[in-house]
Amino acid sequence: MGNLRKDSLKGGWFMLLLFLITISVNAQEAPDPYAETGSNSTKKAIEPIVISNKEINVLSGGLAETGSNFKTTVLNYMFQWIESEAPGPYNMKWQLESTIVGNYEVVARILGANIQGTLSCNGKSHQFNSNEKDWSQITMGTISLKKGINTLELEINTAEKFKLSALELTALSFAVKTDEEALKLRQKADWFKDAGYGLMFQWTNRATPEKGDTIKAWEDKVNDFDIEEFVNMVEESGAAYVIWSMTWGQQYISAPIASLDKVLKGRTTKRDLLGEMADRLYAKGIKLIFYYHYGYDCYHSIDATWMEASGGYKADKTELYGNIKNIVAEVGNRYGKKLNGWFFDGAQRYYDTHFDGSFGGISTANFKEISKAAKTNNEQRIISYNSWILPMVTEYQDYYAGEGLKQFTGLEDGVFPEGNYKGLQAHTCFTLEKRWGHIDKNTTIASPKHTLDDLIGRIEHAQKNRYPLSINLEMYEDGSVSPESRALLQEVRKGIRGR
């Protein structure tokens, strides 16, 4: 299934990933999506991280030199954070290589109460305190880098456990410029604020039938999809929009996308199912958002062929994100005003390109370029990068992904006025049944987890606070959904839409 490049095999726990991509993943035996998949490791030596004054520099906690009182947490085959495991003090060290002299603001993505800390670089220190029981972004001060190698040290004292995901180093002038540019691009779509609810689907090449062990070839599966029946089902549910999985787990797209064919043949289709969906939903006044999962290794799927071909297994992820940018730009250009948004999953892998333990190359994706590409041929598209429980990864987005059913209050016109998602439109998405997608063989979709009264109550609360709920339905290989779930949504429509 492909091998990782030798130059990316850095860090003790990363060897686990090499093993994982050589074995098949059985969906019925897959672990919890956020189960630990890594092991503890203490880095005895670290490599210099090249610092630029023209980008946000992400210093992954996974690349820090740490003591034995730390644990490295890897969830879903991805570095997430380092955390305290034994009494402190806790010391972290990064080597930074700079080609110029410059001043940089330092922000920590951290969780922990009653923290007293010291940030030191080139003989100068800053004291800081933090008392956050949830993930937060804490400004720690400004450091000066000299030309050549610099040592950045962080010492934390606390009697309680804490976690550190990363530090961000940003040249002061660049930070101001980035915020201004991002805010100019930000969209505040009233249609989304007042949608009430929409439907979400994870239907891809891996979708399975209710009975039988055979899964159709991708081209056949797409050719057999009944688009008219799908649109009728969406319309009778009362959904104001659809979030459709353009990809999920593996890089297969149900349309003739040349930029994907250029990287890897056999992953697109002659039938433009995405285009037919966009046309028919547009005619009904139903908005369309594409969910995009770039095909990284995760608990439910591994696509090593794509990752190898796209540059996803290189330490320097420049090629990978260039391919992603090309694909989303082509898709955006193709569907124009009929495509209203994007939902980019796995945002931590965009934010921290060394989630796999590698050294070298860019430290974070160019969110500005990817987001602008995603708005190709329709600047009013709304964009989200799903950062799960961590703070938002970039200002170049418009709404909060909201994975997992949540309720919000204290919003300002549907927007978070402060906190980890300040300035973003609120939104939440959740599974109505059991899974995000029907990828198990010989199983019937489970009964809905939520009652009619519960759904109506939550939607009415959301409408009052001007944010939408995305209800995820499992879907069989033939494009059908659970009759029980379908009937429930018809009743939701009556309760919310009044017809």
Side-chain angles (χ1 to χ4, degrees), residues 10-11 41-73 79-84 88-112 115-130 132 135-158 162-175 178 315-316 351-355 357-364 390-391 393:
K10 304 290 185 180
S41 66
T42 301
K43 293 180 175 61
K44 302 301 182 183
I46 55 178
E47 297 182 17
I49 299 170
V50 178
I51 301 299
S52 170
N53 65 345
K54 296 181 179 180
E55 64 183 41
I56 296 174
N57 302 276
V58 174
L59 309 187
S60 173
L63 301 188
E65 180 180 351
T66 61
S68 58
N69 53 357
F70 277 94
K71 171 184 176 182
T72 298
T73 299
F79 167 79
Q80 291 280 7
W81 51 73
I82 51 177
E83 58 185 290
S84 57
Y90 307 99
N91 295 288
M92 293 140 277
K93 183 186 297 184
W94 292 264
Q95 297 288 350
L96 312 179
E97 183 177 351
S98 178
T99 58
I100 61 172
V101 175
N103 297 320
Y104 294 80
E105 181 184 63
V106 182
V107 174
R109 292 162 68 88
I110 196 168
L111 181 157
I115 288 176
Q116 294 181 323
T118 303
L119 181 72
S120 304
C121 184
N122 295 329
K124 295 184 179 180
S125 299
H126 298 273
Q127 308 295 320
F128 68 93
N129 297 300
S130 179
E132 302 292 340
W135 280 102
S136 299
Q137 300 186 91
I138 304 298
T139 300
M140 308 177 77
T142 301
I143 62 169
S144 297
L145 297 185
K146 62 183 180 181
K147 185 177 181 179
I149 302 299
N150 303 258
T151 299
L152 178 65
E153 297 182 75
L154 177 62
E155 179 179 313
I156 287 181
N157 289 281
T158 179
F162 80 94
K163 301 176 181 180
L164 177 79
S165 172
L167 300 184
E168 293 180 8
L169 269 63
T170 311
L172 300 181
S173 58
F174 182 79
T178 298
D316 186 345
Y351 171 77
D352 177 4
T353 64
H354 300 306
F355 66 85
S358 60
F359 279 90
I362 58 174
S363 65
T364 191
L390 293 166
V393 296

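As a basis for the values below, the full set of heavy atoms in this structure was taken, side chains included, without hydrogen atoms, waters or symmetry mates. Everything numeric in this text was worked out from a predicted model, so none of it was measured.
Here E153 pairs with nothing under the side chain to side chain donor-acceptor pair (under 3.5 Å) rule; sequence neighbours left out. For the side chain to side chain contact (heavy atoms under 4.5 Å, CB included) test, residues two or more places apart in sequence or in another chain that qualify with K146 are N122, N150. With sequence neighbours excluded, the residues that form a side chain to side chain contact (heavy atoms under 4.5 Å, CB included) with Q116 are N129. With sequence neighbours left out, the side chain to side chain donor-acceptor pair (under 3.5 Å) criterion links N57 to no other residue. Residues passing the side chain to side chain contact (heavy atoms under 4.5 Å, CB included) test with T170, sequence neighbours excluded: I56, F174, A175. With sequence neighbours excluded, the residues that form a side chain to side chain donor-acceptor pair (under 3.5 Å) with E168 are Y351. Here W94 pairs with nothing under the side chain to side chain donor-acceptor pair (under 3.5 Å) rule; sequence neighbours left out.
Within the 3.5 Å criterion, the main-chain N or O of K54 finds a donor-acceptor partner in the side chain of S52. Remark: the backbone N or O of A166 is not paired with any side-chain donor or acceptor of S60 at under 3.5 angstrom. Counting only distance, with no hydrogens or angles, the side chain of H126 and the backbone of I143 share no donor-acceptor pair below 3.5 Å.
Donor-acceptor pairing under 3.5 Å is recorded for the side chains of T151 and Q95.
Of all the heavy atoms in G357 and L63, the pair that sits closest is O-CD2, 4.2 Å. Between G61 and I82 the shortest heavy-atom distance is O-CG2, 3.6 Å.
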Identify every side-chain donor-acceptor pair in residues 96-109 under 3.5 Å, counting partners at least two apart or on other chains, and give the distances.
| from | atom 1 | to | atom 2 | distance (Å) |
| --- | --- | --- | --- | --- |
| S98 | OG | I100 | N | 3.3 |
| S98 | OG | I100 | O | 2.5 |
| N103 | OD1 | S144 | OG | 2.7 |
| R109 | NH1 | M392 | O | 3.2 |
| R109 | NH2 | P391 | O | 3.0 |

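Using cut-offs of 30° and 60° on the angle between ring planes, the pair W135 and W81 is tilted.
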